[in-house]
Amino acid sequence: MSALVEAVDLHKKYQKGSAEVAALRGVSFAIAAGEFVALVGRSGSGKSTLLNIIGGLDTPSSGTLRVGGSDLAAMDRELLARHRRSTVGMIFQSFNLIPSRTALENVALPMIFAGLERSVRSRRAAELLDLVGLERRHTHKPAELSGGEAQRVAIARALANDPAILLADEPTGNLDSHTAADILDLLEHLNRERTLTILMVTHDQHSAIRLSHRLLHMLDGTITGEESGGRRL
């Protein structure tokens with residue numbers, strides 16, 4: 001299968017006062033279209049930094065990163081914004097929903113920036129909320145939703161512009177174990193039924209093995225190894 005994401009000798013350095021901190025140290029890997037890959041490792045290993053670079057929220061210090069054949073390291077601000085809008089969808093540990101907007105309005109928001117008409121936005125937002133099991137929550141605001149429901153809204157929003165890859169950064173970190181299992185099952189369903197490519201950062205290695213096709217292990221800014229998950233492509 002062709003590589004949807006390909007990193008070659010990726011480095012990221014930050015300046016903290018007079019000290020230089022290396023968050024990524026020569027990371028190389030590839031993810032095929034349709035794969036569910038789990039990125040596991042302790043806090044501070046560089047997982048979120050790597051996810052943010054793939055998502056176009058940050059830029060590498062050196063190396064090559066291609067997503068869908070385009071080199072993110074060569075993109076200017078406008079191209080990175082387009083990449084964030086149309087190529088990737090991102091979900092986080094904190095749901096990042098707008099408190100004053102309904103679930104439907106939160107999901108429709110990315111489509112405004114994509115230039116879709118109101119009627120199209122409303123119809124697609126409703127379809128996505130139904131897809132993630134929130135048929136009766138369209139008009140509810142975040143404060144009226146449980147944690148699991150809020151994360152489902154965030155997943156629907158991440159799917160709004162039909163991304164090539166979904167990036168999930170500890171998506172169950174703020175949820176109880178039962179709700180977390182439901183969210184992980186939803187992600188597995190999206191990968192299996194919609195062939196959606198997913199890269200998920202997690203500390204939960206047991207769930208990572210169960211859900212993913214492959215696990216990439218990170219430590220101190222490097223990928224130290226990989227292993228097969230419990231699913232096959």
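A quick note: this is a predicted structure, and the numbers were derived from the prediction, not measured.
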Determine whether a donor-acceptor pair (N or O, by modelled atom type, separation under 3.5 Å) exists between the side chain of [X] and the backbone of [Y].
| X | Y | result |
| --- | --- | --- |
| Arg121 | Met111 | no |
| His83 | Ile54 | yes |
| Arg231 | Leu211 | yes |
| Arg25 | Gly221 | no |
| Asn106 | Ile98 | yes |
| Ser146 | Glu149 | yes |
| Gln205 | Val40 | no |
| Gln151 | Gly148 | no |
| Lys47 | His217 | no |
| Thr179 | Asp176 | no |

Gln15: partners by side chain to side chain contact (heavy atoms under 4.5 Å, CB included), with sequence neighbours left out: Glu20
Got [X] and [Y] here, is their nearest side-chain heavy-atom distance under 4.5 Å?
| X | Y | result |
| --- | --- | --- |
| Ile183 | Arg152 | yes |
| Met200 | Leu184 | yes |
| Arg157 | Ile91 | no |
| Leu50 | Phe29 | yes |
| Val5 | Leu65 | yes |
| Val27 | Ile223 | yes |
| Thr202 | Ser207 | no |
| Ser43 | His203 | yes |

Is the number of heavy atoms from other residues, nucleotides or ligands within 6.0 Å of [atom1] ([X]) greater than 12?
| X | atom1 | value |
| --- | --- | --- |
| Glu135 | CD | yes |
| Arg192 | CZ | yes |
| Tyr14 | OH | yes |
| Glu78 | CD | no |

What distance do [X] atom [atom1] and [Y] atom [atom2] have between them, rounded to the nearest 0.5 Å?
| X | Y | atom1 | atom2 | result |
| --- | --- | --- | --- | --- |
| Thr139 | Glu144 | OG1 | CD | 7.5 Å |
| Ser61 | His11 | OG | NE2 | 9.0 Å |
| Leu219 | Thr224 | CG | OG1 | 6.0 Å |
| Ser48 | Leu57 | OG | CG | 11.0 Å |
| Leu104 | Leu128 | CG | CG | 10.0 Å |
| Glu6 | Ile31 | CD | CD1 | 11.0 Å |

Among Thr197, Leu215, Leu216, which residue meets the side chain to side chain contact (heavy atoms under 4.5 Å, CB included) test with Val37? Leu216
For [X] against [Y], the heavy-atom pair lying closest together:
| X | Y | value |
| --- | --- | --- |
| Phe95 | Ala154 | O-CB, 3.9 Å |
| Pro171 | Leu175 | O-CD1, 4.0 Å |
| Thr49 | Lys12 | CG2-CG, 3.9 Å |
| Pro163 | Ala158 | CG-O, 3.4 Å |
| Pro142 | Arg101 | CD-O, 3.1 Å |
| Ala164 | Leu4 | O-CD2, 3.5 Å |

Hydrophobic clustering (ILVMFWY, side-chain heavy atoms < 4.5 Å, transitive) - are [Y] and [X] grouped together?
| X | Y | value |
| --- | --- | --- |
| Leu24 | Val88 | yes |
| Leu39 | Ile209 | no |
| Leu51 | Phe92 | yes |
| Val201 | Leu72 | yes |
| Leu167 | Leu79 | yes |

Could you note down all residue pairs passing salt bridge (charged side-chain N to carboxylate O under 4.0 Å, His left out) where residues 206-216 supplies at least one of them, sequence neighbours left out? Glu35-Arg214, Asp185-Arg210, Arg214-Glu226
Does the side-chain contact (heavy atoms from CB on, under 4.5 Å) test come out yes or no for Val153 and Val107, once each step is laid out? CA-CA 7 Å; Val153 175; Val107 175; 4.0 Å; yes
side-chain contact (heavy atoms from CB on, under 4.5 Å) between Ile155 and Leu190, intermediate numbers included: CA-CA 10 Å; Ile155 292 170; Leu190 291 170; 3.8 Å; yes
Between Glu105 and Leu109, does a side-chain contact (heavy atoms from CB on, under 4.5 Å) hold up when you go through it step by step? CA-CA 6 Å; Glu105 290 167 340; Leu109 190 60; over 6 Å; no
Are Leu159 and Leu196 close enough, and set up right, to give a side-chain contact (heavy atoms from CB on, under 4.5 Å), and what steps lead you there? CA-CA 10 Å; Leu159 299 176; Leu196 177 64; 3.6 Å; yes
